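Heads up, the thing below is written out as structure tokens.
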Amino acid sequence: MLTKGRSRFLSIDTSTSNVHMATTPASTRRRIEFTDIGDMQEHFHNSGWTDGLPVVPPTPDAVQACLDAALLSAEHLVGIEPVRERAISAEQIAINSVMAGCLPEHFPVVVTALTAMLSEPFLLHGPTASTGGCGILLVVNGPIRNELGMSGSFNALASSDRATTCIGRAVRLVLGNLLDVRPGEIDRSTLGHPGKLSFCIAEDEEHSPWSSLAEERLGDPHVSAVTAMAAMAPRQIMNEWTTDPAEILDTFVAEIKANMAHYSVWAGNYAIVVPPQLRDHFAVAGWSKADIQTYVFEHARMRRSDWAACGKASIVGDQPDREYLALPDPDHLLVIAAGGPAGGFGAVIPPWLGTRSHAVTTPVGACVDC
Amino acid sequence: MTFEILIPTYDNNVEPLTTADRLDTLAGKTIGIVSNGKLGTAPFFDEVERVLRHDYGVTSVVRTIKTDYSAPADAETVNAAQHWHALIAGIGD
């Protein structure tokens with residue numbers, strides 16, 4: 001339960017640079033009063049509250065509009081981050097969602113994403129603190145994609161539309177402002193990657209021969225859901241020289257194996273993104289997502305001796321033939337239909353660090369306390 | 001025109017961390033060393049243990065390794081730490 005306290009108003013007079021403070025009757029959140037939007041932006045930046053980009057002012061009305069859209073009270077507990085022992089409320093998330101540019105209708109997706117991330121299997125502290133530098137991939141499924149104007153087509157892994165861009169950014173601002181996940185603070189990433197600004201995509205369900213990611217993982221074809229996965233940067237592949245599904249997957253597998261050898265050998269959730277041009281070949285051949293998962297599970301493997309070819313001969317050791325699997329089982333491969341219509345491209349999105357953090361899929365609007 | 005914003009950071013009551021009481025001496029004490037499990041900690045903590053024993057008279061050094069370097073120490077380690085006079089936790093990559 002959040003404690004309520006007295007709020008203090010801070011008025012910044014740009015003409016005289018005087019700071020005026022006053023107290024008001026008790027309210028639920030600390031507040032600041034501004035007379036100039038530029039002053040507000042600089043205050044936010046100087047306070048470390050942004051990702052370097054301008055923010056939308058989180059006014060009480062804008063925050064309340066988000067809460068109303070999600071039918072949540074300000075004090076609603078979305079989850080607890082157990083390492084920092086911090087209870088994360090709907091209002092706290094709403095404030096950061098407004099800042100990110102989210103409209104009220106986007107907010108339920110942000111809440112769902114945080115619910116997934118705060119669940120035990122996700123192990124939020126690990127991915128957000130690690131030197132490994134992963135981001136958090138969000139995959140949105142179901143009718144809510146169309147309601148929010150999400151696009152799983154062109155530029156799918158980048159800024160494809162307002163909703164995915166803002167929702168992805170909101171999650172990052174929540175991490176920074178509520179869990180101190182900032183570079184050099186909790187976030188010890190050596191490199192990081194651009195997905196740490198925003199990393200949210202919508203699956204292109206309408207143009208896919210397959211069941212959606214959410215249906216695969218939840219068993220419901222009609223649900224709107226968010227899948228969160230601690231993820232490294234996407235690695236693009238291309239194969240326009242075959243229509244054979246196995247050969248196409250061999251290219252994906254080669255990229256997975258490269259990640260195993262070059263970055264991390266530990267098994268976990270991998271995601272592959274399959275745009276239409278490659279998807280069509282699977283459809284013609286009658287390959288389901290399960291067929292793809294099985295093929296990748298069986299072929300995405302490396303041996304310790306493979307490290308000798310990439311400068312890691314010193315760790316081959318006395319077991320050169322020891323085999324490592326990319327996936328603990330076929331279900332650990334997330335197959336996502338997304339991307340623009342042209343080009344034999346695809347993408348492999350590796351996990352942060354294998355089995356430490358597990359991808360979690362949560363329905364939008366689910367009550368985890370019920 | 002004046003407008004009001006809500007502060008976006010965590011504002012629940014967070015008790016500040018305080019340092020533990022300083023030991024009067026290390027001689028005769030039991031010191032726990034908790035490694036995050038990464039390779040870099042081993043030689044470093046080997047030297048730390050040597051210094052503790054040789055230079056400061058520590059009689060017992062308990063070396064433990066977290067089972068998951070991205071999660072807090074498990075309950076077994078936390079319980080064991082109740083019997084140590086001091087604990088050194090370290091990370092290595």
Side-chain angles (χ1 to χ4, degrees), chain A residues 1-3 5 7 9 11 27-37 40 43-44 47-50 55 57-63 82-89 91-92 94-96 98-99 123 125-132 173-174 176-180 188 190 352-353 356-357, chain B residues 1-21 31-48 62-84 86-93:
Chain A
M1 186 71 138
L2 296 178
T3 56
S7 67
F9 282 92
S11 171
S27 63
T28 57
R29 294 290 303 183
R30 296 168 299 160
R31 304 161 183 236
I32 303 177
E33 197 172 84
F34 293 96
T35 58
D36 181 84
I37 186 70
M40 188 220 85
H43 185 87
F44 273 57
S47 301
W49 296 345
T50 81
V55 295
T59 63
D61 286 347
V63 171
V83 175
R84 310 299 307 289
E85 295 183 333
R86 291 191 175 181
I88 306 301
S89 73
E91 183 182 48
Q92 292 168 321
I95 293 169
N96 286 278
V98 170
M99 290 170 59
L123 186 60
H125 180 74
T128 53
S130 173
T131 53
L173 290 180
V174 166
N177 287 323
L178 300 182
L179 295 175
D180 301 329
R188 310 303 291 185
T190 304
W352 158 55
L353 197 64
R356 303 296 186 188
S357 172
Chain B
M1 190 181 95
T2 301
F3 62 96
E4 184 182 82
I5 61 90
L6 301 180
I7 293 177
T9 53
Y10 193 79
D11 66 349
N12 290 21
N13 291 335
V14 178
E15 294 190 9
L17 294 175
T18 57
T19 56
D21 293 336
I31 307 299
I33 297 179
V34 180
S35 159
N36 75 336
K38 294 203 175 181
L39 287 175
T41 63
F44 180 79
F45 281 144
D46 285 346
E47 178 63 11
V48 169
V62 181
R63 301 278 294 268
T64 65
I65 300 175
K66 287 170 54 176
T67 55
D68 183 340
Y69 46 71
S70 297
D74 53 29
E76 185 178 336
T77 299
V78 173
N79 290 336
Q82 307 307 313
H83 304 286
W84 306 337
L87 178 155
I88 300 171
I91 60 174
D93 252 23

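Remember, it's a predicted structure, so these values are computed and weren't measured experimentally. Residue numbers start from 1 in every chain, and the chains themselves are labelled A, B, ... in the order their sequence lines are given, proteins ahead of strands.
- In this structure, chain B has heavy atoms under 4.5 Å from both the backbone and the side chain of A:I37.
- The part of A:L123 that comes within reach of chain B is its side chain, from C-beta onward, which places non-hydrogen atoms under 4.5 angstrom from that chain.
- Taking every heavy atom of both residues into account, B:P8 and A:R29 meet most closely at C-NH2, 4.1 Å.
- For chain B, no part of A:S130 is nearby; none of its heavy atoms comes within less than 4.5 Å.
- Within 6.0 Å of atom CG in B:D21, 12 or fewer heavy atoms from other residues, nucleotides or ligands are found, so the atom counts as exposed in its surroundings.
- Looking at every heavy atom in both residues, B:T67 comes nearest to A:R356 through O-NH1, 3.4 Å.
- Rounding to the nearest 0.5 angstrom, the gap separating the CD1 atom in B:I7 from the CD atom in A:Q92 is 12.5 Å.
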Task: Derivation and outcome, side chain to side chain contact (heavy atoms under 4.5 Å, CB included), residues B:T9 and A:W49 - done: CA-CA 7 Å; B:T9 53; A:W49 296 345; 3.2 Å; yes
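- For CD of A:E85, the number of neighbouring non-hydrogen atoms (other residues, nucleotides, ligands) closer than 6.0 Å is 12 at most.
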TODO: For B:K38 and A:T131, run side chain to side chain contact (heavy atoms under 4.5 Å, CB included): C-alpha distance rounded to whole Å, both residues' side-chain angles, the deciding distance at 0.1 Å, then the answer.
DONE: CA-CA 12 Å; B:K38 294 203 175 181; A:T131 53; 4.1 Å; yes
Task: Pair B:F3-A:M40, side chain to side chain contact (heavy atoms under 4.5 Å, CB included): steps then yes or no - done: CA-CA 10 Å; B:F3 62 96; A:M40 188 220 85; 3.8 Å; yes
